[in-house]
2 protein chains.
Amino acid sequence: MAKTVAERSDVIPVLAEIFRECGFEGASLSIIGEKTGLGKGSLYHFFPGGKEEMAAAVLNEIDTWFEDHIYRPLREVENPRAAISEMCHAVTDYFHSGRRICLVGAFALDNVRDRFTDQIRDYFADWNSALAAALQTAGHNETEASALAEEAVISIQGGLVLARALGDPSLFKRAMKKAEERLLA
Amino acid sequence: MAKTVAERSDVIPVLAEIFRECGFEGASLSIIGEKTGLGKGSLYHFFPGGKEEMAAAVLNEIDTWFEDHIYRPLREVENPRAAISEMCHAVTDYFHSGRRICLVGAFALDNVRDRFTDQIRDYFADWNSALAAALQTAGHNETEASALAEEAVISIQGGLVLARALGDPSLFKRAMKKAEERLLA
DNA sequence: GTCTATATGGAGATAGAC
DNA sequence: GTCTATCTCCATATAGAC
């Protein structure tokens, strides 16, 4: 982070990594200051609402990224099977093959859940419904499609939990491969 | 909690619920004092190591419970299919049909992970291996057995994440049912 | 927009009377 | 074994100079 002049938009990805590594409570302003290279003055200039606003901004950025790279392609596609396959690879990359956790999932299990209920719920609801839409386009009926979509998102989240817990990223890759197989079966 | 005399052993389940609800950092000593009915003096009498010792004791108690109610029955059984089915129902009950989260999973995604790495890893490793043992006894080869076991534990954890995130416990029940089907297929 | 200095609160933890 | 009083520290947040 350059000491000279910063923009809000390039602070957010740094914040995202800090929250992923340290959690919401663990991400103290001094750590944030250190890793962004910004003093408290600048941080409160960009985020007058403090840490809560920082986390909300991060969740928003995540939502935008998933909307652009995951959800929309699933909804708007001519070839849904290719889109599903693309999703699996994009997700594997996004989570660094299991070395990076899902911040939204982590927040869901944390007590900060109550402060971000809507953003957390929407993230998973949108993922489920976009994937179900692609599966319906691919020929499944509504019931099958939503069951399959739910299962896949469950496997992704569970895979991230176990990969982190066991210190074994390869577990996440196996989970993604299996999820892809089931979605395309 | 009776104000009169407490025992360490009956404080621990209360602590477990507090950590589940509030997370490690969110569980302040004042909240703990309030919900256990004990002053800091008593708490430090039972847990000289403070919050860290409290959490370690909780993780130990969880480990013992799973060893007794889940892992051992899976390993020692004549009828592995019945044991697997029992596991699914015990797990559903334990997590209150999806209304209760898994503290170990939550810790795995939190920054406290680093303080409890071993206990977290063992919890999932033991679960995987006990379930895989039952599956081998039931006739699967080693590779299949460990893949199926891993998948099931993944679904349980993912199911808990999504159920909490979406505020929909029924999602967890569906995930458990599906996991059971796969294990017994 | 950035910094430093500071206010204020609550955290974890300890001491010692009962 | 329990309590209350107290200590220290670091958290978030603010103020105001540059």
Side-chain angles (χ1 to χ4, degrees), chain A residues 1-59 61 103 106-107 110-116, chain B residues 1-59 61 103 106-107 110-116:
Chain A
M1 292 295 101
K3 281 267 180 197
T4 53
V5 179
E7 290 198 32
R8 204 186 116 111
S9 63
D10 51 46
V11 176
I12 294 176
V14 184
L15 291 175
E17 277 318 296
I18 298 171
F19 285 130
R20 265 187 269 264
E21 285 168 27
C22 307
F24 183 78
E25 322 253 19
S28 70
L29 287 185
S30 58
I31 292 178
I32 294 172
E34 205 178 297
K35 301 221 182 194
T36 57
L38 294 171
K40 299 184 190 196
S42 303
L43 291 169
Y44 277 92
H45 172 71
F46 289 133
F47 307 96
K51 258 174 74 170
E52 182 145 350
E53 187 174 341
M54 297 179 203
V58 166
L59 290 176
E61 168 128 317
L103 184 63
F107 274 18
D110 198 271
N111 75 320
V112 294
R113 186 193 106 97
D114 300 327
R115 301 201 223 177
F116 303 108
Chain B
M1 293 294 98
K3 281 267 182 200
T4 53
V5 179
E7 290 199 32
R8 206 185 116 111
S9 63
D10 51 46
V11 176
I12 294 176
V14 184
L15 291 175
E17 277 318 298
I18 298 170
F19 285 129
R20 266 187 268 264
E21 285 167 28
C22 306
F24 182 78
E25 322 254 19
S28 70
L29 286 185
S30 58
I31 292 178
I32 293 172
E34 204 178 298
K35 301 221 185 195
T36 57
L38 294 171
K40 298 186 191 194
S42 303
L43 291 169
Y44 276 92
H45 173 71
F46 289 131
F47 306 97
K51 258 174 75 169
E52 183 145 349
E53 188 175 340
M54 295 180 206
V58 167
L59 290 175
E61 168 129 316
L103 183 63
F107 275 17
D110 197 272
N111 75 320
V112 292
R113 186 193 106 94
D114 300 326
R115 301 201 223 178
F116 303 108

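The chains referred to below are lettered A, B, ... by the order of the sequence lines, with proteins before strands, and numbering in each begins at 1.
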Quiz item: Which part of the nucleic acid, if any, lies within reach of A/Gly41 when heavy atoms closer than 4.0 Å are counted: base, sugar-phosphate only, or nothing?
Solution: base

Self-check item: Side chain of B/Tyr44 - closest among D/dT12, C/dA13, D/dT2
Solution: C/dA13

Self-check item: Note, A/Met54 side chain near A/Phe46 side chain (heavy atom, < 4.5 Å)
Solution: no

Exercise. Could you please spell out the steps behind the side chain to side chain contact (heavy atoms under 4.5 Å, CB included) verdict for A/Arg20 and A/Val58?
Key: CA-CA 10 Å; A/Arg20 265 187 269 264; A/Val58 166; 5.9 Å; no

Exercise. Return the value, rounded to whole Å, for the distance between atom CG of B/Leu43 and atom P of C/dA15.
Key: 17 Å

Self-check item: Phosphate contact (D/dC10 OP1 or OP2) by A/Ser30 side-chain N/O below 4.0 Å
Solution: no

Quiz prompt | Atom-to-atom span, NZ of A/Lys40 to P of C/dA5 - whole angstrom | solution = 12 Å

Practice problem: Can you tell me the distance, in whole Å, between the CD atom of A/Glu53 and the P atom of D/dT12? | Solution: 15 Å

Quiz item: Would A/Ile12 and A/Phe47 satisfy side chain to side chain contact (heavy atoms under 4.5 Å, CB included), going step by step from the backbone distance to the final call?
Solution: CA-CA 10 Å; A/Ile12 294 176; A/Phe47 307 96; 4.1 Å; yes

Quiz prompt | For atom CG of B/Leu29 and atom C1' of D/dT4, their distance in whole Å | solution = 15 Å

Exercise. Could you tell me the separation between the CZ atom of A/Phe46 and the P atom of C/dC3, rounded to a whole number of Å?
Key: 10 Å

Quiz item: Could you give the CZ-to-P distance, from A/Phe47 to D/dT14, as a whole number of Å?
Solution: 15 Å

Quiz item: Which part of the nucleic acid, if any, lies within reach of A/Lys51 when heavy atoms closer than 4.0 Å are counted: base, sugar-phosphate only, or nothing?
Solution: sugar-phosphate

Self-check item: Residue closer to the 5' end of DNA chain D, B/His45 versus A/Glu25 (nearest nucleotide)
Solution: B/His45

Quiz item: So, the side chain of B/Lys35 versus the backbone of B/Val14: is there a donor-acceptor pair under 3.5 Å, distance only?
Solution: no

Quiz item: Which listed nucleotide (D/dT2, D/dA11, D/dA13) is nearest to the side chain of B/Ser42?
Solution: D/dT2

